[in-house]
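In each ligand, atom 1 is the first atom listed, and ligand 1 is the first ligand listed. Hydrogens, waters and symmetry mates play no part in the numbers below; they use all other heavy atoms, side chains included. Numbers here simply count residues along the sequence, with the first being 1.
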Amino acid sequence: MLSELPEFIKSSAFLNFKTEISDEIAENLADLVRFLLSENKKYNLTGIKDENDAAFLNVVDSLALADIIGPSASVADVGSGAGFPALPLALTRPDINVCALDSTAKKTAFIESAGRLMKLSNIRTKCGRAELLSACGSDMFGAFDYVTARAVASASVLCEISTGFLKVGGKMLLMKGPDVDDELLGADACVLPLGLELSGVRFYTIRNGTSLFKRSVAVFTKIKTAKPDYPRRYSLIKSKPLFGR
Ligand code: SAM
């Protein structure tokens, strides 16, 4: 029988979730939560202190992408922080390869340690800024089938700093809240210079006990190489976003 935390993770899975969470995976995800909270006391990796909150807000929410990512895909998780959604994705989808990247070394070091603890061979990390690592000439340029990002920056900023990671035909999956429309205002026309097309928004619902929470994934498709003027300098990317309100 599962103990409380893994059972909570299984029962809090979002509605209509198709990827199987076996008892073993639920145990591993619970171990990840415990490891995160114990390391957090030393390194301040997350503001969340409670086990169930960390399981729900980090692990369960991250699993939303497990149903969307295609088989055997390569994934760049931009601004992975303490490994979300990268670590839960690598755990539940052994067929995919995930590169978790973040500009903060203590966070990529934590992801490395967690990957070793979980005996994951399908996750690696890269410490650096996305807009530099994705630039033409970098070995990460055009190398990935998917870009994922959660709680990192606006959709406009993420599209500009991350489009370089994608192969043509690849997808960018941006995890957002229920009110994603404002962020996407004008995106249809404005993402074209980045070689992207807005493919749509997928809504999903996660459950914590009897409470339901609506979330969204904005999906962009790489249709061609970006114009050479992109990405611009980071100060411009932030101060003059291409789209959104
Ligand atoms: N994705 C994680 C999550 O959902 O828990 C972490 C979110 S945390 C609020 C945002 C992270 O993005 C931080 O760890 C920060 O260092 C990283 N970050 C922000 N801008 C970045 C950039 N341009 N390149 C790489 N990492 C970046």
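Using modelled atom types, one finds a donor on one side chain and an acceptor on the other under 3.5 Å when comparing Lys222 with Thr163. Side-chain contact of Thr221 with Lys171: a donor-acceptor pair under 3.5 Å is present, judged by distance alone.
Ligand 1 lies within reach of Gly128, whose nearest heavy atom is under 4.0 Å from it. Heavy-atom distances between Ala153 and ligand 1 stay at or above 4.0 Å for every pair.
Set against the non-hydrogen atoms of Arg150, the atoms of ligand 1 under 4.0 Å away are 1 (N), 2 (C), 3 (C), 4 (O), 5 (O), 7 (C). Atoms of ligand 1 found under 4.0 Å from any heavy atom of Phe84 (numbered from 1 in listed order, with element): 1 (N), 2 (C), 3 (C), 4 (O), 5 (O). Listed by number with element, the atoms of ligand 1 under 4.0 angstrom from any heavy atom of Thr104 are 16 (O). Every atom of ligand 1 is numbered from 1 in the order shown, and the set under 4.0 Å from a heavy atom of Lys107 is 13 (C), 14 (O).
The N/O atoms of Gly79, backbone and side chain alike, include one that comes under 3.5 Å of an N/O atom in ligand 1. For a threshold of 3.5 Å applied to N or O pairs, the pair formed by Ser103 and ligand 1 contains at least one separation below that value. Inclusion of Val152 in the set of residues having an N or O under 3.5 Å from an N or O of ligand 1 is not warranted.
The closest heavy-atom contact to atom 16 (O) of ligand 1, among the options Ile237, Asp102, Leu132, comes from Asp102.
The proximity of Ser80 to ligand 1, defined as any non-hydrogen pair under 4.0 Å, is limited to the backbone. Contact annotation: for Met175 versus ligand 1, there are no heavy atoms closer than 4.0 Å.
Between Lys107 and Asp102 there is no salt bridge, since no side-chain N of the basic residue sits under 4.0 Å from a carboxylate O of the acidic one. Between Glu183 and Arg245 there is no salt bridge, since no side-chain nitrogen of the basic residue lies less than 4.0 Å from a carboxylate oxygen of the acidic one. Of the charged side-chain nitrogens involved, at least one lies within less than 4.0 Å of a carboxylate oxygen, so that Asp61 and Arg215 count as a salt-bridged pair.
Looking from atom 24 (N) of ligand 1 to the surrounding protein, the closest heavy atom is Ala130 N, 2.9 Å. At the shortest separation from atom 9 (C) of ligand 1 among protein heavy atoms lies Ala151 O, 3.1 Å.
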> Can you check side chain to side chain donor-acceptor pair (under 3.5 Å) on Thr46 and Asn40, steps first, answer last?
Replying inline: CA-CA 7 Å; Thr46 168; Asn40 198 36; 5.3 Å; no
>> side chain to side chain donor-acceptor pair (under 3.5 Å), that's the test. Do Ser74 and Asp145 meet it? Break it down for me.
In response: CA-CA 5 Å; Ser74 53; Asp145 300 308; 3.1 Å; yes
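Remark: Lys214 is not positioned above the aromatic ring of Tyr204, lacking an NZ or CZ atom under 6.0 angstrom from the ring centre and at most 45 degrees off the axis.
Annotation: Phe110 is in aromatic contact with Phe35 [ring centroid separation under 6.0 Å].
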